[in-house]
Amino acid sequence: MPLAVCNGIRLHYQRLGRGPEVVLIHGLATNLAFWYLRVAPLLRRHFCLILYDLRGHGRSDMPPTGYTTADMAADLHALLTHLGVARVHLVGHSYGGAVALHYAVLYPERVGSVTLADARIRAFQPTQRLSDWPDAPRWARQLHELDATAPLEDSEMGYRFMEALAKAQLRGQGLARREPRRFVPFGGMPHPSRTAAQWLRLLDTTTARKDFAALAGLTPERIAGVTRPVLAIFGEKSHCLPSCWALQRHLPRCKVVLVPRAGHFHPLVRPVFFVRHVRRFLQEVTRDPC
Amino acid sequence: MEGLQPRLSRETILHGVVQILTDMTADWEDAFTGPIGPETRLVADLAFESIDVVQLAVAIEEHFQHPNLPFQKLLMRDGRYVEDLQVADLVEFLYTHLNGA
């Protein structure tokens with residue numbers, strides 16, 4: 001289990017495959033397994049993949065502070081320096097996408113391209129209320145079934161929903177057993193999930209909750225200054241679509257792909273579609289004939 | 001040279017897998033207390049999660065010095081994750097792929 005001391009903490013990472021170097025950055029409340037089992041086997045044939053656990057996630061350390069996208073971009077910079085990687089293509093899902101974009105703002109010389117998979121960009125989408133989500137009544141019904149205490153008009157419903165799912169899972173009431181055809185975080189396990197417990201510990205014992213809500217310098221002006229090619233690949237039913245359209249308006253080199261009939265977790269639900277478009281995009285930007 | 005390597009027996013593979021699983025789970029809270037054997041289930045008995053599957057896959061590739069094993073063939077059925085696996089399923093998968101399938 002490779003661990004690198006980066007930015008004062010230990011980060012767990014894996015390297016797979018050969019070719020141009022691509023970093024895969026997972027979102028909140030998950031870990032590098034998000035990519036490892038479905039996406040990585042398809043991409044590793046063409047690229048050298050670097051997967052790692054964000055701080056507070058997976059096998060990486062959970063320090064008491066430092067969970068803004070700027071902090072995590074600094075972690076990534078330290079990891080790439082540790083690995084001796086000079087230039088990478090970044091692929092990030094959800095909060096991992098925001099980390100990737102922040103890295104491209106801070107270290108443009110190290111970045112070949114940025115793929116944002118359903119990334120909510122706070123500068124463009126400062127709130128996430130349930131009433132703005134596609135299919136809001138169904139989500140509201142599920143929150144009610146989970147006995148969640150979060151008000152339905154909470155402005156950070158994305159995190160609240162993950163929190164409610166984690167608590168429900170630990171009570172033995174996770175959603176996945178009732179809805180086997182959809183991906184549900186922390187779902188499908190007959191035992192209390194350590195990943196769910198880790199997510200709640202992160203929210204309750206660190207500055208993560210406050211840090212996730214911080215702009216941390218990732219402003220619209222700085223995002224508009226990104227000159228590298230950007231692929232925005234979002235689920236057609238995602239609650240993050242406002243970020244997608246804003247990226248397209250602010251970044252002239254932003255290519256948009258919508259994943260049909262998919263929501264926020266489309267890389268897990270439609271991995272072949274996702275990989276086909278990411279691979280095509282990376283081959284265009286690397287001018288690689290493979 | 002690969003074709004000249006001796007075939008690994010199921011017993012040798014089982015021994016290696018059990019050793020890896022024992023090491024992995026030794027310091028887990030509420031760790032499985034029974035002996036790990038062919039009928040042990042990764043999820044139901046050992047409380048495996050997806051990150052543990054990654055760690056297991058990496059440990060197996062290192063132990064048997066065989067990178068790029070197609071674990072997705074073991075873990076996916078009809079585009080979905082299997083709900084659980086027995087150690088015996090894993091041994092059979094490794095017997096096939098470590099011996100050159």
Side-chain angles (χ1 to χ4, degrees), chain A residues 1-3 12-18 24 26 29-45 49 51-54 57-60 169 174 176-177 179-199 268-273 275, chain B residues 19-34 36 40-86 89-90 93-94 97 101:
Chain A
M1 193 175 75
L3 293 168
H12 171 223
Y13 69 94
Q14 300 286 343
R15 293 183 90 166
L16 310 164
R18 287 184 188 168
L24 302 179
H26 65 79
T30 180
N31 50 60
L32 58 75
F34 181 88
W35 302 112
Y36 189 91
L37 295 170
R38 296 192 185 187
V39 171
L42 300 172
L43 278 178
R44 70 187 288 177
R45 301 173 198 160
L49 304 178
L51 295 74
Y52 74 105
D53 289 330
L54 294 172
H57 294 75
R59 303 281 197 258
S60 291
Q169 202 283 336
R177 270 169 274 170
E179 297 203 28
R181 292 188 179 280
R182 292 176 52 243
F183 173 78
V184 177
F186 320 120
M189 283 166 282
H191 52 79
S193 161
R194 280 172 278 125
T195 306
Q198 185 183 37
W199 171 240
L268 288 179
V269 178
R270 304 284 304 278
V272 174
F273 183 98
V275 166
Chain B
Q19 188 60 53
I20 290 167
L21 290 171
T22 303
D23 291 346
M24 267 184 73
T25 58
D27 60 349
W28 290 4
E29 287 180 26
D30 302 320
F32 182 62
T33 53
I36 297 175
T40 304
R41 295 167 296 176
L42 297 187
V43 176
D45 295 329
L46 301 181
F48 255 53
E49 299 184 24
S50 54
I51 187 78
D52 306 316
V53 174
V54 175
Q55 186 177 342
L56 175 63
V58 171
I60 285 173
E61 289 184 345
E62 286 179 1
H63 180 87
F64 293 105
Q65 299 183 355
H66 196 299
N68 302 332
L69 286 166
F71 284 103
Q72 66 275 19
K73 290 184 180 175
L74 176 70
L75 300 168
M76 306 289 293
R77 290 281 187 280
D78 302 324
R80 296 185 56 202
Y81 281 115
V82 295
E83 291 192 359
D84 208 342
L85 280 177
Q86 284 191 329
D89 301 326
L90 183 56
F93 164 83
L94 292 172
H97 291 279

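Letters A, B, ... mirror the listed sequences (proteins, then strands); counts begin at 1.
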Participant: Taking atom types as modelled, is there a side-chain donor on B:Gln86 or B:Thr40 under 3.5 Å from an acceptor on the other?
Facilitator: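 Short answer, no.
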
Participant: Between A:Pro192 and chain B, which part of the residue has a heavy atom less than 4.5 Å away: side chain, backbone, both or neither?
Facilitator: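 Only the backbone of A:Pro192 comes within 4.5 Å of chain B.
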
Participant: Non-hydrogen atoms of chain A under 4.5 Å away: do they reach the side chain of B:Gln55, the backbone, both or neither?
Facilitator: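 For B:Gln55, side-chain heavy atoms alone lie under 4.5 Å from chain A.
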
Participant: Quiz question: by atom type and distance under 3.5 Å, do the side chains of A:His12 and A:Gln14 form a donor-acceptor pair?
Facilitator: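 A:His12 vs A:Gln14: donor-acceptor pair found between side chains.
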
Participant: Select one option (side chain, backbone, both, neither) describing which atoms of B:Asp84 are under 4.5 Å from chain A's heavy atoms.
Facilitator: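 For B:Asp84, there is no contact with chain A at all, as no heavy atom is under 4.5 Å.
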
Participant: Between A:Arg38, A:Arg44, A:Met1, which residue shows the highest count of heavy-atom pairs closer than 4.5 Å to chain B?
Facilitator: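 Looking at each option in turn, the highest pair count goes to A:Arg38.
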
Participant: For residues 52-62 of chain B, pull every pair meeting salt bridge (Lys or Arg N to Asp or Glu O under 4.0 Å), keeping only residues two or more places apart or in separate chains.
Facilitator: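 Qualifying pairs: A:Arg59-B:Asp52, A:Arg194-B:Asp52.
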
Participant: Step by step, work out the side chain to side chain contact (heavy atoms under 4.5 Å, CB included) result for B:Leu75 and B:Leu85.
Facilitator: CA-CA 8 Å; B:Leu75 300 168; B:Leu85 280 177; 3.6 Å; yes

